[in-house]
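Right, one structure below, let's go through it.
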Amino acid sequence: MFKSGTIVKVLLPNVVNRGYDYRLNADAELGAFVRVTLMNRPYIGVIYGIGDGGVAPEKIKNISQVFPWKLSVADLQWIQKMSAWTMMAPGAVLRLIINVPDAFSEPKVEQLYSYNFDAPKSKMTESRQMVLDAFELNDNEPMATGDIQSIARVTPGVVKTMIARGMLVPTISRPVEKSFAYQYRDMGNIELNPEQRAAADKIGYDIKNGGFSVNLLDGITGSGKTQVYFDSVWRAYQTGKSVLLMMPEIALTTQFIKRFESRFGAPPVVWHSNLTAARRREIWRGVVQGKIKIVVGTRSALFLPWQDLGLIVVDEEHDSSYKQEDMGNYHGRDMAILRAKLANFPVVLASATPSEETMHNIEIGRFGHLVLQSRYGGAELPQIETIDMRENRPDEYRVNAEGEDTRAGSLSPILCQEIKNTLDNHQQVMLFINRRGFAPIVQCKKCGWVATCGDCSVGMTYHKRLGKLLCHMCGRTMNLPEKCPNCGGEVSMRGAGLEKIEEEVKSRFPHARTALVSSDTMMSRGALERLVAKMESGELDIVIGTQILAKGHHFPNLTLVGVVDADMGLFGTDFRSAEHTFQQLFQVAGRAGRGAIPGRVLMQTYQPNHPVLNAICAGNRDEFLRADMDARRTAKMPPFGQLISIIVECQKESVLKKFCDDLAHAVPNVNGARIMGPVMAAVYVARNWYRMRFLVAGDARAHLQPLVQTWLSRVRVPANVRIKIDVNPQNFM
Ligand code: ADP
Ligand code: ZN
Ligand code: ZN
């Protein structure tokens with residue numbers, strides 16, 4: 001407790017700050033939220049420690065207000081450690097926590113609108129549907145026009161028209177305040193099987209005895225991971241602690257929320273990026289006051305002002321959506337583990353396809369491994385086979401029915417025949433194209449050879465601008481080979497995108513009802529759920545997607561999954577390509593044939609003997625992991641080494657070049673680390689900003705962050721240059 005009059009350090013939620021000195025005019029605890037002014041602007045901050053006396057006492061301002069809410073000492077340490085790890089300033093980390101400044105003021109009074117379900121029939125356009133989705137995501141509570149626009153991602157014009165047509169009607173002017181202080185009870189409707197019980201008891205032991213631990217719940221889809229962690233949630237809740245259940249946005253479905261409610265007798269408090277300002281405010285206040293005990297949320301829920309957190313569950317722990325990439329770079333799973341370690345409570349990770357980072361932590365004994373061997377009820381995985389594209393060249397297809405134009409196809413005759421058979425049997429098809437195939441790869445049509453970088457074991461990408469092949473990791477370039485160095489065969493650029501596949505499917509199967517699922521078209525959860533409903537009711541025949549449909553859905557009539565280009569993922573431009581491809585293919589495989597009819601998965605490849613594909617066909621996840629982790633160990637890639645990516649951006653190409661030269665000259669000499677670059681970033685120009693990249697690589701024990709700090713402090717950064725640091729990057733664009 002600091003006495004009134006003490007000079008304390010207050011951390012403010014700013015990008016660049018490590019705290020300012022203020023004088024207390026009331027007693028306050030370490031970690032308390034306070035209101036202060038800086039340059040005549042009001043801010044909310046937290047008491048971060050004792051003042052360091054760097055400012056003359058007469059210049060020090062008083063704190064305006066001390067709130068009765070605070071962060072724990074462990075959480076302050078968490079801010080500090082997270083800052084050191086991610087290289088974000090502590091204030092930037094605090095900004096992730098104080099991201100609802102409204103929580104400290106009276107609720108806003110503003111005009112709110114409700115969705116009028118009885119409105120005279122108006123045309124349901126796509127944007128109007130998005131508005132309806134936005135309401136649904138917020139339990140159809142009244143919303144301000146600003147919220148409607150930002151959540152539905154529509155223009156003010158759309159909202160105006162809907163008001164004019166009576167589709168939206170003005171209701172009250174002040175948001176309903178909801179306490180969200182639900183009471184939960186165990187509905188006792190589940191009996192765990194012996195395997196599930198053993199896992200649940202192990203986690204339960206850690207919850208009961210307190211203390212930090214991380215356990216991976218490892219089991220295929222349907223093995224009962226959710227049932228097991230529900231048991232953990234219940235045990236932690238009973239001890240009076242708060243519980244956070246993290247999931248990727250796409251898994252946070254109505255179906256899941258209903259399942260939670262039927263298990264615990266009340267809905268969870270749900271936190272994601274599509275909430276109204278009023279709702280964010282209420283949830284933030286409920287959490288800081290310790291009234292809200294269980295939240296199910298996306299990665300940002302980790303930054304709620306938790307009081308007495310006793311358990312974090314990270315479902316789908318391998319999912320790349322846990323990695324935040326624009327407003328600071330952090331990994332939600334890793335930062336959850338850090339928070340648990342400092343505050344001393346258990347973490348449960350769950351996945352059917354765990355990340356190699358997590359598997360490595362199990363290998364070295366840092367994490368526990370709880371395996372659920374069988375699929376509950378004993379359903380079988382589908383049959384998985386490859387199609388050798390060297391011998392099954394796709395035929396050309398007609399671009400449109402009337403015209404003569406034809407185009408080279410991507411679907412082999414075998415796959416087309418299988419699709420036809422499936423459609424004839426009134427069953428459904430899913431075609432999968434790896435999203436990571438952003439840029440074309442160079443491959444031999446005859447033997448399947450792919451141009452890869454000798455230093456980094458990643459595929460090389462053809463850059464038109466350079467007229468050469470470029471390695472996106474280290475910057476090595478290579479001339480485009482005229483012939484295959486392996487067999488002398490013809491090499492070609494490959495990489496058909498989603499739209500091209502759709503065109504081909506429509507041309508070959510004009511009567512099939514098709515839909516696209518991509519990260520761009522799948523914007524809202526509402527849209528996703530509508531698509532799932534269409535699949536379930538049989539209104540769709542073929543789904544073409546860059547990503548799998550959400551976890552937990554059963555499509556009993558989906559019996560064929562076609563992977564259009566399995567190679568595209570295997571030789572992607574970063575070292576996680578194979579891992580991600582495996583995870584996606586494994587999950588895609590899990591979609592097929594979950595009903596009475598057995599499913600089939602066909603993967604088109606030019607390298608049918610590749611170990612990754614063999615492992616998938618054999619359904620042998622562990623064999624795949626072993627092979628891929630060995631490759632990473634040799635290449636010293638994470639988790640056996642560390643990487644920090646530094647992207648430098650500027651709108652003036654010449655300034656950027658000069659600055660990169662300066663940086664390259666300032667590289668410090670350090671054992672156990674090397675700095676690669678500058679190299680053109682994979683996306684060289686983004687919204688008129690030119691982008692270059694450096695990559696710092698070191699072995700697992702090297703302290704790369706201080707090295708980068710020293711390095712960057714040696715150069716003067718021009719005002720029009722932006723530097724983005726990403727520790728353990730997931731993305732090399
Ligand atoms: P996962 O999370 O591993 O995909 P779930 O927990 O969702 O698996 O379980 C898959 C299905 O099996 C669900 O419908 C679930 O209700 C059912 N199930 C799993 N374990 C049990 C159990 N012990 N008793 C009854 N049903 C179970
Ligand atoms: Zn060849
Ligand atoms: Zn390379």
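Order of listing sets the numbers, starting from 1, for every ligand and every atom in it.
- Using cut-offs of 30° and 60° on the angle between ring planes, the pair Phe260 and Phe256 is tilted.
- Between Tyr182 and Phe264, the ring centre distance reaches or exceeds 6.0 Å.
- Under a 4.0 Å heavy-atom criterion, Leu372 is not in contact with ligand 1.
- Residue-ligand proximity, Ile220 to ligand 1, at heavy-atom distances under 4.0 Å covers atoms 3 (O).
- Atom numbering of ligand 1 starts at 1 in the shown order; those under 4.0 Å from a heavy atom of Glu191 are 22 (C), 23 (N), 24 (N).
- Remark: aromatic rings of Phe345 and Phe212 are distant, center separation not under 6.0 Å.
- By the side chain to side chain donor-acceptor pair (under 3.5 Å) test, Asp630 pairs with Arg633, sequence neighbours left out.
- Of the listed residues (Gln227, Glu195, Arg259), the one carrying the non-hydrogen atom nearest atom 5 (P) of ligand 1 is Arg259.
- Heavy-atom neighbours of Lys202 NZ from other residues, nucleotides or ligands within 6.0 Å: above the threshold of 12.
- Under a 4.0 Å criterion applied to the non-hydrogen atoms of Gln196, ligand 1 contributes the atoms 19 (C), 20 (N), 22 (C), 23 (N).
- Here the angle at the Zn ion (ligand 2) defined by SG in Cys487 and SG in Cys484 stands at 110°, rounded to 10 degrees.
- Both the backbone and the side chain of Thr226 come within 4.0 Å of ligand 1, judged by heavy-atom distances.
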TODO: May I have the step-by-step check of side-chain contact (heavy atoms from CB on, under 4.5 Å) for Thr559 and Thr422, ending in yes or no?
DONE: CA-CA 7 Å; Thr559 56; Thr422 309; 3.5 Å; yes

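- The angle Cys447:SG - the Zn ion (ligand 2) - Cys444:SG amounts to 110°, with values rounded to 10 degrees.
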- [ ] Mind running side chain to side chain donor-acceptor pair (under 3.5 Å) on Ser355 and Arg576 for me, showing each step along the way?
- [x] CA-CA 10 Å; Ser355 64; Arg576 284 194 184 86; over 6 Å; no

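- Of all the heavy atoms of Val228, none lies under 4.0 Å from any atom of ligand 1, so neither backbone nor side chain is involved.
- Not close to ligand 1: Gly219, with no non-hydrogen atom less than 4.0 angstrom away.
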